[in-house]
Amino acid sequence: MMIRVIFSVLISVTLIACQSAPLTPTTKQQPNPLLATIHTEDVVREFRAAWVATVANINWPQQPGLPVEEQKRQAIKILDTLQTNNFNTVIFQVRPQADALYQSSTEPWSYYLTGEQGQEPEPFYDPLQFWIEQAHKRGLKLHAWFNPYRVHHPSGGSVSEQSMSVQMAEDVVQLKNGMHWFIPTNQFVIDYSITTLLELVENYDIDGLHYDDYFYPYPSYNEGEDFPDQSQYLDYQKQGGKLSKGDWRRAAVNQFTKTLYEQVKQLKPHVQVGISPFGIYRPKQPATIRGLDQYEKLYADAKLWLNEGWLDYFTPQLYWPINQYSQSYPLLIAWWQSQNTQNRHLWPGINTLIANTDAGIDEVVNQVMINRAMLNNSPGVVFWNVKSLENADFSQVIEKGVFQHQALLPLSNWLPVQEVSKPAVSYNQYAQVTKLSWHHTQPEHVFKTLVYLKYGDDWQYKIYPSIMRSITVENNNNGLALSHIRIVAVSRDEMLSEPIEIQFQ
């Protein structure tokens, strides 16, 4: 009962602070309170992302070896869905098993793309480049998602001669569930992995680099037996190493995490680095929490990474419902936020695949609203996964309800920013409509354009991708005359230019 009471208070605060729709369970009656329209004068800032998984062809492409045009069609459908539902970021898996959905000089083309590891698309195209271009055309940021140490997945076809399991056999072990894994403590593995990822950052116009919780494998992957690196640990001890095996493993993962962040920032400071660890740090932290101990089982010291600021955003996988006492959703958010000593972005990952019933939709909406209440300086959420938006009822609640207003991303104040100049604007007003156009003296600095319209006392706004340079707007909206237009350029860093104001008599 106490959790529900606290939750009710949080929702009340959120409704006032965020000006969003009232929360009551979804019913078949009309009107649906989840779809209530709320006017807001200021642009919303919120990170809204969804994972697009390529491993095992979970989301894209729907199966290996599809024709290139069909792969592109499926990609565009996903991106159109995200744009329609007012997302602003896509997290696209580009390295699912030490193979690539992009042109890599070190790793083979992915099995999940062509059905044969090492086989490039025919006719040739670069999937990551295509996704970046199509995302940016829609005003979406693209974060390239990779798995650090998984080398082969059982769904990934046979192990080819080009597989890193063969090419780096001395650095790879096999697990009992059929997966192959890099040995994270091998210095060559750390150096190789970072070099591979820096090449990705260097060669592609990505907005972020994102990795998830597969540092060491989950215990079930090896049927509960310890990770098979005993010989490497003995070599470490013979060389004078004093750390326990657990600390030795964690130190290697920490080295990777810290070094990768530093080197990405040296190469391209604007590229956001995001980490998505398991949602629980350790049992009893906080006191009532129970579950897997990622510190002891995955050798991931996620609290340290957050405390040290070796990331730009932190996405703990909080896939549990609000009222699940041993894995309380709001309690875990509050605990992770208490560890956010460097004031990085905390944008939880949530399980939206449950949103195939009214109760599931209500749960997801409530979790988003809790995020807004508890993370109000930098709200955000990541959907696992994009497939949930195929449910028309859920998609409607997202588009017309909880995400009814488009959103810019929260600012990352610890990163250098690119200033953006105000646009040059021209317009022609006719009897029924006004035609508006704009251009920028430095278009390379502009990622989006923010346009405000004022009818009567109500402001409304719309965010346009940079390729949009002109629009036509109505001079009358529900009996109210258009009185003001305000146009603002938005940089890639989500900084706003000075506005251009147009006032009508």
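When reading the values below, keep in mind they use all heavy atoms of this one structure, side chains included, and skip hydrogens, waters and symmetry mates.
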Name all residues meeting the side-chain hydrogen bond (donor to acceptor under 3.5 Å, both in side chains) criterion together with [X]; count only those two or more places apart in sequence or in a different chain, and write none if there are none.
| X | answer |
| --- | --- |
| Y125 | Q71 |
| W145 | D212 |
| H143 | Y313 |
| W335 | none |

- Task: Tell me, please, which residues at least two apart from E399 pass salt bridge (Lys or Arg N to Asp or Glu O under 4.0 Å).
- Result: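 Salt bridge (Lys or Arg N to Asp or Glu O under 4.0 Å) check on E399 returns nothing, list empty.
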- Is E494 salt-bridged to K448, cutoff N-O under 4.0 Å?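 The answer is yes: the pair qualifies as a salt bridge.
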- Task: Salt-bridge test for K265 and E262: reply yes if a basic N is under 4.0 Å from a carboxylate O, no otherwise.
- Result: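 Answer for the salt bridge query: no.
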Give a yes or no on whether the backbone of [Y] and the side-chain of [X] come within a donor-acceptor separation of less than 3.5 Å.
| X | Y | result |
| --- | --- | --- |
| Q317 | S276 | yes |
| S328 | Y325 | no |
| K303 | Y281 | no |
| Q404 | A36 | yes |
| Q327 | W320 | no |
| N391 | A355 | yes |
| D493 | M495 | no |
| T315 | W347 | yes |
| Y461 | T40 | no |
| R150 | P96 | yes |

Answer yes or no: is there a side-chain heavy-atom contact under 4.5 Å between [X] and [Y]?
| X | Y | value |
| --- | --- | --- |
| F215 | D301 | no |
| V365 | M369 | yes |
| L79 | Q83 | no |
| P316 | L346 | yes |
| I502 | L436 | yes |

- Keeping to residues at least two apart or across chains, list the ring pair (Phe, Tyr, Trp, His ring centres under 6.0 Å) pairs with something in residues 352-371.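 Every candidate ring pair (Phe, Tyr, Trp, His ring centres under 6.0 Å) pair involving residues 352-371 fails, so no pair, neighbours aside, qualifies.
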- Message: Assess the residue pair I322 and Q367 against the criterion (side chain to side chain contact (heavy atoms under 4.5 Å, CB included)); give the C-alpha distance rounded to whole Å, side-chain angles, the decisive distance to 0.1 Å, and a yes or no.
- Response: CA-CA 7 Å; I322 292 162; Q367 290 181 4; 3.9 Å; yes
Considering all heavy atoms, the nearest [X]-[Y] contact:
| X | Y | result |
| --- | --- | --- |
| L140 | F87 | CD2-O, 3.3 Å |
| Q62 | N57 | O-CB, 3.8 Å |
| I280 | Q294 | O-NE2, 2.8 Å |
| P121 | V68 | CB-CG2, 4.2 Å |
| P269 | P416 | CB-CG, 3.8 Å |
| L101 | W60 | CD2-CZ3, 3.6 Å |

Residues forming a side chain to side chain contact (heavy atoms under 4.5 Å, CB included) with [X], sequence neighbours excluded:
| X | answer |
| --- | --- |
| E133 | Q129 |
| S412 | Q272, H345, W414, L415 |
| Y430 | N428, V433, K435 |
| P465 | I467, M468 |

Does [X] [atom1] have over 12 foreign heavy atoms under 6.0 Å away?
| X | atom1 | result |
| --- | --- | --- |
| Q418 | CD | yes |
| K268 | NZ | yes |
| Q432 | CD | no |

How long is the gap from [atom1] on [X] to [atom2] on [Y], to the nearest 0.5 Å?
| X | Y | atom1 | atom2 | result |
| --- | --- | --- | --- | --- |
| S437 | I487 | OG | CD1 | 8.0 Å |
| K400 | N85 | NZ | CG | 9.5 Å |
| I194 | L260 | CD1 | CG | 6.0 Å |
| L292 | L298 | CG | CG | 5.0 Å |
| L331 | W336 | CG | CH2 | 12.5 Å |
| R486 | L453 | CZ | CG | 10.5 Å |

- Message: Is there a side chain to side chain contact (heavy atoms under 4.5 Å, CB included) between H440 and H445? Walk through the geometry before answering.
- Response: CA-CA 9 Å; H440 306 281; H445 294 167; over 6 Å; no
Side chains of [X] and [Y]: donor-acceptor distance under 3.5 Å anywhere?
| X | Y | result |
| --- | --- | --- |
| N147 | Q93 | yes |
| H484 | W459 | no |
| E363 | N366 | no |
| Y204 | D126 | yes |
| N323 | Y329 | no |

- Message: side chain to side chain contact (heavy atoms under 4.5 Å, CB included) for D207 and R492? Distances and angles first, verdict last.
- Response: CA-CA 9 Å; D207 303 288; R492 185 161 190 168; 2.7 Å; yes
- Centroid-centroid under 6.0 Å between W305 and Y295 rings: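 Between W305 and Y295, the centre distance exceeds or equals 6.0 Å.
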- Face-on cation placement of K141 at F47 ring, 6.0 Å and 45° thresholds: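 Pair K141/F47 does not count as cation-pi.
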- Task: Any chance you could lay out the side chain to side chain donor-acceptor pair (under 3.5 Å) test for N340 and Q337, step after step, and finish with the verdict?
- Result: CA-CA 5 Å; N340 191 12; Q337 185 69 321; 3.1 Å; yes
- Task: Enumerate the residue pairs fulfilling side chain to side chain donor-acceptor pair (under 3.5 Å) with a member in residues 464-480, sequence neighbours excluded, ordered by first and then second residue.
- Result: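 Sorted result for residues 464-480: T434-N475.
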- Message: Checking F146 now: which residues fulfil ring-ring contact (aromatic ring centres under 6.0 Å, His included) with it, not counting sequence neighbours?
- Response: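 F146 satisfies ring-ring contact (aromatic ring centres under 6.0 Å, His included) with Y211 only.
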